[in-house]
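Structure first, then comments.
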Number of protein chains: 2
Amino acid sequence: MNLQSKKNKQELNPNVSVDCVIFGFDLDQLYVLLIDSGSNEAFSQARMAVPGDLIFDTENLDEAATRVLKELTSIENIYLEQIGAFGDPNRIGKKESDREWLEAIRAQPEARVITVAYYSLVRMPNFNPKASSFAKSAGWAPVKEVFDLAFDHYEILQAGLKQLRRKIKIQPIGFNLLPEKFTLSQLHKLYECILDKELDKRNFRRKILNLNILTNLDEKQVGVPHKPSQLFEFNEENYKKLSKEGFDNFGF
Amino acid sequence: MNLQSKKNKQELNPNVSVDCVIFGFDLDQLYVLLIDSGSNEAFSQARMAVPGDLIFDTENLDEAATRVLKELTSIENIYLEQIGAFGDPNRIGKKESDREWLEAIRAQPEARVITVAYYSLVRMPNFNPKASSFAKSAGWAPVKEVFDLAFDHYEILQAGLKQLRRKIKIQPIGFNLLPEKFTLSQLHKLYECILDKELDKRNFRRKILNLNILTNLDEKQVGVPHKPSQLFEFNEENYKKLSKEGFDNFGF
DNA sequence: TTTGATAGTGTTCAAAAGACACATAGCTAT
DNA sequence: ATAGCTATGTGTCTTTTGAACACTATCAAA
């Protein structure tokens, strides 16, 4: 979100932005990365937003989203997918706090801006080993505890969540949220968190293993105070084969 | 596409347009509504485009799409759904013919424009009783015969088709393409056309009837040179009940 | 009255989904 | 060392859903 970046200010398109709903998972619950307006005032979710920026006239939308992500997380090759465009004429600037923020960061705070929303999935520990609280200027918030955001970002978050839920039933994108090596229980928990419902353990394991996209590493967890679990990794090759044949339902 | 409409030219946002992929069905195949650049030169699909326009700064994206649709078809209350945003910096103006067209219709033909694409479903006879050929300035083209379009509209068409295919498996939106009263064979044919594959007749009928969203009108086709078919209509009430319970798979 | 064209109808088999309970392995605390 | 805690890992049965398949019925036209 740095207006004084290498690129010239004039190249920023005043009417089009991208916003990124960045999801993370800490093996316990689903998080979303939020930034706040930097105000000193009392905490309020209405001041938090998902990261975004106006686009440059030289980049396409995916590139703009990738740039925003990289500036914030320094991670490249992140899973990224468009949610859609949001363009209510009053989508920004409805709230008093929105306007203050806009005046601080935008050369033309009154411009009508439509935004193209993306969601992305990151391995939380790779970016930030601890989930920060709302009080920080950028931090992870549990998705379940977010009820309001700046601008129309709450609506965007919900749309992103909806699309993630739909997508995860169709393609195994959830691995982007897990460490390289993970247990079936962790994967199971991830699906339950995203879909927000319980899934039968045995049925889940059967189904996911039958897809043949997991490699059993013949390696076990160590140091856990219970029976250690087998570790698995995502098998990219088998997945690609599967994708080509056009599977389109996990059935969760 | 009239720049001299009631609204003032200045209100047109130079950077954002909407484009509408309008699908129609004539009980035999699926069509898409295309307009051409009005040139006198030899026919070329590369001169055809789906209807669209820059948005006004006072309207939201859905309203802009609705306006474009209404200007072209005079139909309101059309089924409309966003496909997504397309924003390659070179998406318009790559082809020579694109640039000619842009210069004719745009106040700022060089501006970088991102577009928000929609698809909509209309009852063809309500709008235009005959499918016009490509030669007309606005007409229906069989989707299967479209291989190239102006700008990035071919890509947009394919994205719309993909979304329509996905959606029709999940929600019974196909009725928007059929007359109020229709036969099961017509519905069957519609699904086959959209999904581009054969569906077993008996299985299709069983499944669609089990959804309980059709009312048998106890009325038959007349004047057909074969056994006349029962007429049905879409049962909005039952569908709403069903939607609330959240059914999400027809399973075609 | 024969022909051509589409409507309409059930059963059987295979595959997938859903429900369900107990023994196991490692750590920890005593 | 042993008892207890905790999460792992495993199989069967039932129900539901999907897929394959062929013949008779009705109307109009020739």
Side-chain angles (χ1 to χ4, degrees), chain A residues 26-29 168-170 172 178-179 181-193 195 197-233 242 245-252, chain B residues 26-29 168-170 172 178-179 181-193 195 197-233 242 245-252:
Chain A
D26 69 350
L27 306 184
D28 183 51
Q29 55 179 330
I168 206 171
K169 289 188 200 172
I170 292 174
L178 290 174
K181 299 175 181 184
F182 52 86
T183 71
L184 287 183
S185 296
Q186 290 166 352
L187 187 60
H188 181 206
K189 178 79 181 174
L190 172 62
Y191 271 79
E192 291 188 327
C193 283
L195 299 175
K197 70 173 179 190
E198 288 197 359
L199 300 169
D200 180 86
K201 183 168 54 160
R202 279 171 289 188
N203 294 339
F204 177 84
R205 295 168 81 95
R206 174 160 33 97
K207 244 186 266 185
I208 208 85
L209 287 174
N210 282 345
L211 290 176
N212 269 318
I213 52 172
L214 296 184
T215 304
N216 187 326
L217 293 172
D218 282 325
E219 196 179 330
K220 291 183 178 184
Q221 282 183 312
V222 288
V224 289
H226 53 75
K227 178 174 177 178
S229 177
Q230 283 290 322
L231 288 170
F232 290 80
E233 69 178 7
L242 199 57
E245 293 159 20
F247 76 114
D248 55 17
N249 212 333
F250 276 26
F252 297 111
Chain B
D26 69 350
L27 306 184
D28 182 51
Q29 54 178 331
I168 206 172
K169 291 189 200 172
I170 292 174
L178 289 174
K181 299 176 181 181
F182 53 85
T183 71
L184 288 183
S185 296
Q186 291 165 354
L187 187 59
H188 180 206
K189 178 80 182 173
L190 172 61
Y191 271 78
E192 291 188 326
C193 284
L195 299 175
K197 70 174 180 190
E198 286 198 0
L199 300 169
D200 180 86
K201 182 167 58 162
R202 279 171 290 189
N203 293 340
F204 176 85
R205 295 167 82 96
R206 172 159 30 93
K207 242 183 267 185
I208 207 86
L209 287 173
N210 283 346
L211 290 173
N212 269 320
I213 53 172
L214 296 184
T215 304
N216 187 327
L217 292 172
D218 282 325
E219 196 179 331
K220 289 183 180 182
Q221 283 183 310
V222 287
V224 289
H226 53 74
K227 179 172 176 179
S229 176
Q230 284 288 323
L231 289 170
F232 289 81
E233 69 179 7
L242 199 56
E245 293 160 20
F247 77 113
D248 55 15
N249 212 333
F250 276 25
F252 297 112

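As the structure is a computational prediction, the values presented were derived from the model and not from experiment. These values consider heavy atoms only, across backbone and side chains, with no hydrogens, waters or symmetry-generated copies. To find a chain, count down the sequence lines: A is the first, B the second, and so on, and within it residues start at 1.
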It should be established whether A:S185 places a side-chain nitrogen or oxygen under 4.0 Å from OP1 or OP2 of nucleotide D:dA7.
no
Just how far, in rounded Å, is C1' of D:dG9 from CZ of A:F232?
10 Å
With sequence neighbours excluded, tell me which residues meet ring-ring contact (aromatic ring centres under 6.0 Å, His included) with A:F182.
A:F175
Counting only side-chain N and O atoms of A:S229, is one of them less than 4.0 Å from OP1 or OP2 of D:dA7?
no
Integer-rounded Å distance: C:dT6 P and B:Q186 CD:
13 Å
Which pairs with one or both residues in residues 211-231 of chain B pass ring pair (Phe, Tyr, Trp, His ring centres under 6.0 Å), sequence neighbours excluded?
none
Closest heavy-atom pair, A:L195 versus A:K169, reported as atoms and distance to 0.1 Å, is CD2-CE, 3.9 Å
Grab the CZ-P distance between A:R205 and C:dG18 for me, whole Å please.
18 Å
Would you indicate whether the side-chain heavy atoms of B:L209 and B:F232 approach each other to under 4.5 Å?
yes
Distance col, row B:E198:CD vs B:K189:NZ, nearest 0.5 angstrom, shows 9.0 Å
Does any part of the side chain of A:I208, heavy atoms only, come nearer than 4.5 Å to the side chain of A:H188, both counted from C-beta?
no
Side chain to side chain contact (heavy atoms under 4.5 Å, CB included) evaluation trace for B:K207 with B:L211:
CA-CA 7 Å; B:K207 242 183 267 185; B:L211 290 173; over 6 Å; no
Regarding B:Q221, tell me which of base, sugar-phosphate or nothing describes its non-hydrogen contacts under 4.0 Å with the strands shown.
nothing
When the distance from CD of A:E198 to P of C:dC20 is rounded to whole Å, what number comes out?
12 Å
Interatomic distance, B:Q230 CD vs C:dT6 P [rounded to whole Å]:
18 Å
Nearest-Å distance, NZ (A:K207) to P (D:dT17)?
13 Å
Taking CZ from A:F204 and P from D:dT8, how many angstroms apart are they, rounded to a whole number?
12 Å
Reading 5' to 3' through nucleotides 20-30 of chain D, protein heavy-atom contacts under 4.0 Å coded B for base, S for sugar-phosphate only, - for none
BBB--BBBS--
Take the protein atom CG of A:L211 and the nucleotide atom C1' of C:dA16, then report the distance between them rounded to whole Å.
13 Å
